[in-house]
4 protein chains.
Amino acid sequence: MIHDGDTALVIDNAGKEHLVIVGAGRKFETHHGFILYDAMIGREWGSIIYSSLGHPYLVVPPSTADLIRHIKRSSQVIFPKDSAYILMRLNIKPGMRVLESGCGSGGLTLALAQAVMPTGMVYSQEIREDFLALTRRNMQRVDLDSYVTFILGDATQGFKVNEPVDAVFIDLPAPQTCLAQARAILKNGGFFGSLVPTTNQVQDILRAMDAMGQEGFGLVEVEEILLRGYKPVADRLRPRDRMVAHTGYLIFARAVIKPAPLSSRSTLLSENAAEATKNDSDAMEQADEQDHTTEHDF
Amino acid sequence: MIHDGDTALVIDNAGKEHLVIVGAGRKFETHHGFILYDAMIGREWGSIIYSSLGHPYLVVPPSTADLIRHIKRSSQVIFPKDSAYILMRLNIKPGMRVLESGCGSGGLTLALAQAVMPTGMVYSQEIREDFLALTRRNMQRVDLDSYVTFILGDATQGFKVNEPVDAVFIDLPAPQTCLAQARAILKNGGFFGSLVPTTNQVQDILRAMDAMGQEGFGLVEVEEILLRGYKPVADRLRPRDRMVAHTGYLIFARAVIKPAPLSSRSTLLSENAAEATKNDSDAMEQADEQDHTTEHDF
Amino acid sequence: MIHDGDTALVIDNAGKEHLVIVGAGRKFETHHGFILYDAMIGREWGSIIYSSLGHPYLVVPPSTADLIRHIKRSSQVIFPKDSAYILMRLNIKPGMRVLESGCGSGGLTLALAQAVMPTGMVYSQEIREDFLALTRRNMQRVDLDSYVTFILGDATQGFKVNEPVDAVFIDLPAPQTCLAQARAILKNGGFFGSLVPTTNQVQDILRAMDAMGQEGFGLVEVEEILLRGYKPVADRLRPRDRMVAHTGYLIFARAVIKPAPLSSRSTLLSENAAEATKNDSDAMEQADEQDHTTEHDF
Amino acid sequence: MIHDGDTALVIDNAGKEHLVIVGAGRKFETHHGFILYDAMIGREWGSIIYSSLGHPYLVVPPSTADLIRHIKRSSQVIFPKDSAYILMRLNIKPGMRVLESGCGSGGLTLALAQAVMPTGMVYSQEIREDFLALTRRNMQRVDLDSYVTFILGDATQGFKVNEPVDAVFIDLPAPQTCLAQARAILKNGGFFGSLVPTTNQVQDILRAMDAMGQEGFGLVEVEEILLRGYKPVADRLRPRDRMVAHTGYLIFARAVIKPAPLSSRSTLLSENAAEATKNDSDAMEQADEQDHTTEHDF
């Protein structure tokens, strides 16, 4: 049942969403008349409520993804398709310690905090005070700020965390400048992730990972997640006409300890190094025989 | 540090993975010699350990996704790209109550249990005793069975749950046969999800949802998640040659209460009904103007 | 060199295109001033010409695809990514005879005529006089009308062609209603193609093909072509943010003669029949082992 | 009807294809018995013919794409999905002059020759004698060698063509090393295309194009073509399980004449230069507003 003080997602017939706090005695102004919150209170969630001008509005409790979509933002928010996959790939679960840097507007922070509670902690380091303040306010608004430690600081100078973390996520323009810093606070075997929009940045990160010493990264994977929506019409089922074609490239890796480089074995550890020795036609003709298995190179 | 009794993921240079339990005094047989577990114990996670024949093996702690990939299976397991997105779309988080049916081999069960712990509960209903038994064993193996209630039963006869649940996921060949049953145990405003491999099944589900009475589903969305992998090579960055092109269509909806059908307003509530009246060329030419927003029809 | 009377594509800095006929003594009005055609005449193709207000305009000769994009249209035009693939799959080349129905605004007609000239012929049958007239005008405008025979007629009543054709393309809302008619005018072994926007229409066509007698279709394939564009920026190379996610499903087949149905062999000839006997989990678990080869079922 | 001496595509029930020349008195050996060619002669194309062991074989005339798939190859062949799109983007049609370099095994050569005949010409320049010889033999085999001029030569030393060409296609590992050479033989306004497997190569080409002088390239586009196949089963319509995820990046451009660089206008001509000045968040947040139109930058 809808109660006074609840956070509600109100959606009109055209799909336009409004995130509101139900307030007895107040009213919600729409483009097509208003709705008295008192008309919502006591009704079942999932009900359709009509505005003063007779337009239908569906009222549902917001999901975490809905909240993220509606947080106040000062920058690009990571898309739900990506943040869902990031949480899975970084093995985020109740009790985990995870560092993210930067925090943006707190979209991923919110998803992380929701997933590590009640016993875990999100460390959120950010160089810009305004972004950090906005993220803090956004977390307070959804009562998740007690699961986040807000840290003002430059990632290239290191991460101000007093305990090793299970996972690190870097959402910065030049992740290659703070890979060693990320590795330093990661538990051995821990999970690394990053998201960058361009192929050039992916190349920079891969090159920097290759150049790291014994304490480095392995099992490196570069991936994209694409979401294709369909028109949900039984007799005319077909994909939507347009889709988001690109949000970013995802890079994932594990914190590993490589053997001493004097061994010739070290050349075995890098797909990059191995591949670099192949000539073009080889690389083209070679089938991806191991595509069916999880293909790893460390 | 790696301890006796730990579960470890051991990965060879070709990406082949083995999920093992570290056992003092025993050894792990590989295709290229053996490794004494005693040689692992006391080493750092993320270390590379050489077999008796000198082959390198990386040892890392498994993620939940790693565990799912390695559970004993009797049927198709939902892919990580899909299960990650399902968890997000169903708003799974610590403390939630969620029903899944069927349970398959427990792949999604494991992900759900991991996400709702320590205060939530997964109800897993399955018509086949052998599948249910396998899922129970798989959950016991990873110490998550206390977060799962195992239910033997036919979904078309209703779900044997004594409390309303926050979310329902249907992984059955004919989800349209148990939509009303799913709706009956869902909280109003709750989250519904399903995965089916064919377009015909999607059509069947949409048609059945259209035919439901006042207690039905709204905000219906049909989606696909595609994962594209890249060769992680800085100087030759490019997509892998082949990819998984299809695992299934995802259907998501919210449990809603529709207004009484005497009102002409009810026609507003279905994109299906609305779209059905358009002629072909209209449907083709009409741009997806609302594609940029979350487009909903309820 | 640009001559009086040439057809030219004039493109502004924002990518906006104008298809013009260069006319001595006249001028081309832009949003940012005008350009005298006399200033174009005698200049090299590929030159940049400035408008009276100093805006740069690139002038190039239009390709066939450019012409199609700019023909006067009364209906949806088949996208270049699709028409290019259709021409290849229907084996269109100089000298071929091909029937299309309907003609729409003549977009595909233009591409077909350009490809079969100087010795081939496009038969374009259409039930609507206005569409046929528009297509004729569009072909006249680009001097290709002598390679097209314009036929007014209902496809379900048969195709009014006096010779067997090498290929047939059906661009109608219900292709299943004229499959036998298409087969009747196709040479044995000839090429069939169709494009429909919905999965339901694909199912209808496949079902109708299955129901045909000995003179039917084989080697049936259903495909989609997706085009992903990139921002052409060397230091920030990445996909464009959005893309066209769906234009239509393409169905291709060859005109075959099936053996008499008394033989049990006939069951071998249909992937549809074969697949229908599998149960769900089989279909899911079975890997596409033959994906690497051209997988055919007839 | 099938005649002695015809080229035929013979396809078994599993989709395995054989390209054969029908020869009276000889026989075709299959994995499941043999077929006498005399049993094919006089039968209709599209017929199913049974082997001595009773296995059905479909016999159809090969398309150009079928021929390309079966030419003798010494290197990677451009995929049909790509070559179809390349022909369209390069505006290949009867009568055109087009240069390609290198020729590989002649797959694209065959498609080009088929499309420009009977009045056009394909210039095929290749540095390796063995590749050129193989391409010549492959063209002779399909009677298209009279539409191809075979040129032995290093692309970086220039293209040995005595007339300006309408289009150039570069299929070499380092296209950036012969861009000026390609521009030199292209008609002003002409069509340029290239295919490379890696993002690094795309960046190299874009960078080299940016560095060219007044006679350069404009309307640069980078694109990928993806082909998704479906199982053609009416009651279980769904995508195939796996697909080819990457063949190459396609780069297209037009030969343009840029204004003298003293003008500040020149900065308008490059999306590359313009974009480079944007900061990261801008680039991320900016919607692709012009995605709906053909977005060009010259």
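All chains are named by letter (A, B, ...) in the order of the sequence lines, taking the proteins before the strands, and each is independently numbered beginning at 1.
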Exercise for the section: Under 4.5 Å, counting heavy-atom pairs only, tell me which of D:P94, D:G190, D:G229 racks up the most with chain C. Expected result: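 Winner by heavy-atom pair count: D:P94.
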Problem - Best-contacting candidate, D:V202, D:L90, D:V222, D:D204, against chain C by heavy atom pairs under 4.5 angstrom - result: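 Winner by heavy-atom pair count: D:V222.
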Practice task
Please identify each residue that fulfils ring pair (Phe, Tyr, Trp, His ring centres under 6.0 Å) with D:Y147, with sequence neighbours left out.
Solution key: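 Scan of D:Y147 (ring pair (Phe, Tyr, Trp, His ring centres under 6.0 Å), adjacent residues dropped) gives none.
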What option among [options] has the most heavy-atom pairs under 4.5 Å with chain D?
options	value
C:A111, C:G95, C:S47, C:P61	C:P61
C:L250, C:I205, C:N91	C:N91
C:L9, C:L87, C:T64	C:T64

Could you measure the distance from the [atom1] atom of [X] to the [atom2] atom of [Y]? Nearest 0.5 Å is fine.
X	Y	atom1	atom2	answer
D:K187	C:E44	NZ	CD	11.5 Å
C:K231	D:E221	NZ	CD	13.5 Å
D:S63	C:I92	OG	CD1	10.5 Å
C:E224	D:M243	CD	CE	9.0 Å

Practice task
Using atom types as modelled and distance alone, determine if a side-chain donor or acceptor of C:N188 lies under 3.5 Å from a backbone N or O of D:G46.
Solution key: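 No, C:N188 side chain to D:G46 backbone: no donor-acceptor pair under 3.5 Å.
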Do [X] and [Y] have side chains that get closer than 4.5 Å, going by heavy atoms?
X	Y	result
C:P118	D:P118	yes
C:L227	D:Y85	yes
C:I225	D:L226	no
C:L206	D:L237	yes
C:I257	D:I48	no

Practice task
Quick one: closest heavy-atom pair of D:V60 and C:G189, and the distance?
Solution key: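 Looking at all heavy atoms of both residues, the shortest contact is CG1-CA, 4.4 Å.
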Handout entry: Residue D:R254 versus chain C: region with a heavy atom under 4.5 Å
Key =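 Side chain only.
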Exercise for the section: May I ask you to check whether C:Y230 and D:Y249 place their ring centres under 6.0 Å from each other? Expected result: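 Between C:Y230 and D:Y249, which both carry aromatic rings, the centre distance is below 6.0 Å.
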Practice task
Apply side-chain contact (heavy atoms from CB on, under 4.5 Å) to C:P80 and list each qualifying residue two or more places apart in sequence or on a separate chain.
Solution key: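 Applying side-chain contact (heavy atoms from CB on, under 4.5 Å) to C:P80 gives D:M88.
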